[in-house]
S.K.: 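For reference, the structure I am asking about is given below.
Keep in mind that the numbers below use all heavy atoms, side chains included, and drop hydrogens, waters and symmetry copies. By convention in this document, chain letters (A, B, ...) are assigned in the order of the sequence lines, proteins followed by strands, and residues within each chain are numbered from 1.
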Number of protein chains: 2
Amino acid sequence: MVQIPKTPAPPSPAPSRSVPTSADVARLAGVSRATVSYVLNNTSAVRISEPTRRRVHEAAKELGYVPHAAARSLRAGHSRMVLIPAPTFPVGPLYSRFLTDLQNALAALDYTVVQHGTGGPHGDEAARAWAELRPVAVLVPGSGLGPRGVAVLKRSGARVVVTLGPETIEGAHALLMDHDVVGHSAGAHLYDRGRRRIGVVVPQEPGLETFSAPRLDGVRQSVRGTDATVTELPLAYDEQAAARLAARWRSLGLDAVFTYNDEYAMLLMRALLDEGIRVPEETAVVGADDLMLGRLMRPRLSTVRLELPCGRELAELVDRAVRKPATEPETHKMLGATVLHRESS
Amino acid sequence: MVQIPKTPAPPSPAPSRSVPTSADVARLAGVSRATVSYVLNNTSAVRISEPTRRRVHEAAKELGYVPHAAARSLRAGHSRMVLIPAPTFPVGPLYSRFLTDLQNALAALDYTVVQHGTGGPHGDEAARAWAELRPVAVLVPGSGLGPRGVAVLKRSGARVVVTLGPETIEGAHALLMDHDVVGHSAGAHLYDRGRRRIGVVVPQEPGLETFSAPRLDGVRQSVRGTDATVTELPLAYDEQAAARLAARWRSLGLDAVFTYNDEYAMLLMRALLDEGIRVPEETAVVGADDLMLGRLMRPRLSTVRLELPCGRELAELVDRAVRKPATEPETHKMLGATVLHRESS
DNA sequence: TTGAAAGCGGTACCAG
DNA sequence: CTGGTACCGCTTTCAA
């Protein structure tokens, strides 16, 4: 039976140039849109005859039909999109791997993971832009999202908001990734090795305060109530700055330094060595993040290895929360830290 | 005037828990949905009285109304979403900065940038998942997208497909980011400095072939027709592997090595030095990507600095192509490379 | 200046 | 087993 289009002569001159819809597939297969939907979604509540299924599949393939996610989620009233704001600063291999793991784990649970490039600084206004996409879950690394932002997301249908930062936010699940454990480990390690005048490098680069402040704080905590002192050392990520700091090193009277991460450690350690300061005899140096390259320094760099939650764990937490949103926001302390003692401390 | 809901008693028991729509705003403001749309979009073709505008804005704010992007783009027939597949491997600070720049530039042109976490390896099936989102443009770094994938995207409404890779793909704009210029620069530099037996490190890590193969090829090209030889040196990113390679270094009889990038350079250089091989006297070492840390090595690491296109340029190209899709796919050679000669070569 | 109504592409009821 | 149809939330004519 030949299908006759309902509209006798559609004004569109070149139908080939437009995007195929399920109606086009239905027309070509000689069935209704409903049937197309049933077939392509393998709807179990409905049995479609094998010949029909084949015709639909063939028509879909021939037209290069791809379903329209927006239309689908509009109708469904919800999506399976997990939204993660894209980081605005260069991110280390650690976080990179974590993100890839997480994406794969979520993809395995049939979520669509999307990193949204935010215009302004991650803030409550950014939350509005995210909310427009009606994600089912939002994972926000770092701080910067306030209770208002969380509220906006929740009001627009997000069933889960998870913050991966140093603090708990009202209304959101929190994966407390408080970097203070890093500083704490480093501080304790240095104290145990007899160091008492501890410097802590704080990067000048913007966007890193989120991590550097808690790390500094962790060192402070670790020596609280002892006779050890903690000195904050602002440092920009370039050789001259490091050289300047090294030049006045002896006047600072420090016997140890925790450098925020391995990159700053390598930068500073090189400058110290060039200045004739012996490591670790005169000054112990501890970095963080366990970069491969730290092992190449002489002396080999001691470092604090951060243990991020594995992607699958987090993915399952998200999935659980999506399915049973009644649960109160949970707070988990997710971060572990281990000192890898090598030669520089 | 009190508004009376059209439906006498809607079955929804808790309307407070559902997402506010423009209809809710209209109801609260005592106007029609059309008016709400006009006000919130500042539609210039229609003049709305000031009191009405205020009422609408207040209602929207009170309800915490956020427009539904899917519904909007469904109605409009197009979106302003630019889709970029998320990289699946740890990415350097260089590319990281490039991406951030690009995102900002596109955001300034009022596009929504979204990185899509692909399940499988970037391929033509992944293109289907991207196409479901109906992005107006797709930027694909690396290779892995074939002509079929491009066709799928185009058929589902993408007005621009740009590949940022080593090769041109049928139907897509190509920003030829052929990393061969990196290898070429390094090879030429080494040849100029009298080196004739050149090794090239090729990382064993998966996902890096996209870059390593062209870089190797570039070195080959640079010495074609001369008496110089090029030797491929597979290397995993760990200390033992580097030590093993260094142990048999003298038997290889090489007087120079280009190491893919600075990280591998540092790894290998350390191993060579530990083996007692003098750099650069016996063997010259050149890395790539100009990492800060390379400067800290002794001898300071020579490197090839890659010049990525600036984000704004690319954003404008995309914007132009979106607005005038009639244009033939263009092919641009976007990559420059400069040798930074320091002490290791 | 404002409102009614027709869709955009899919899904899921209910009837046949 | 399949077709008709009423939506999902929003924009945009066309009338009033």
S.K.: For B:Arg134 and for B:Ala34, locate the closest nucleotide of DNA chain C by heavy-atom distance; then report the residue assigned to the nucleotide nearer the 5' terminus.
M.R.: B:Ala34
S.K.: So which atom in A:Arg80 and which in A:Leu109 form the shortest heavy-atom distance, rounded to 0.1 Å?
M.R.: NH2-O, 3.0 Å
S.K.: CZ of A:Arg33 versus P of C:dG9: gap in Å, rounded?
M.R.: 9 Å
S.K.: Do side-chain atoms of A:Thr52 reach the backbone of A:Ile48 as a donor and acceptor pair under 3.5 angstrom?
M.R.: no
S.K.: Using modelled atom types and a 3.5 Å cut-off, is there a donor and acceptor pairing between side-chain atoms of A:Lys154 and backbone atoms of A:Arg159?
M.R.: no
S.K.: Show every salt bridge (Lys or Arg N to Asp or Glu O under 4.0 Å) that has at least one partner inside residues 35-44 of chain A, sequence neighbours left out.
M.R.: none
S.K.: Would you say D:dG9 has OP1 or OP2 under 4.0 Å from some side-chain N or O of B:Thr21?
M.R.: no
S.K.: Which residue, A:Ile84, A:Val138, A:Leu139, A:Val140, forms the side chain to side chain contact (heavy atoms under 4.5 Å, CB included) with A:Val162?
M.R.: A:Leu139
S.K.: Write down the distance between CG (A:Leu133) and P (D:dG9), rounded to a whole number of angstrom.
M.R.: 16 Å
S.K.: Which atom pair, heavy atoms only, marks the closest approach of A:Tyr65 to A:Thr21?
M.R.: CE1-C, 3.5 Å
S.K.: With a cut-off of 6.0 Å (strictly less than), are more than 12 heavy atoms of other residues, nucleotides or ligands near CD of B:Glu316?
M.R.: yes
S.K.: In residues 68-82 of chain B, what residues come within less than 4.0 Å of DNA chain D, judged by heavy atoms?
M.R.: B:His68, B:Ala71, B:Arg72, B:Arg75
S.K.: Which residues within residues 37-64 of chain A lie with some heavy atom under 4.0 Å of an atom in DNA chain C?
M.R.: A:Ser37, A:Tyr38, A:Asn41
S.K.: Given D:dC10, is OP1 or OP2 found less than 4.0 Å from the side-chain N or O atoms of B:Ser22?
M.R.: yes
S.K.: Taking atom CZ as the centre, does A:Arg312 end up with more than 12 heavy-atom neighbours from other residues, nucleotides or ligands that are less than 6.0 angstrom away?
M.R.: no
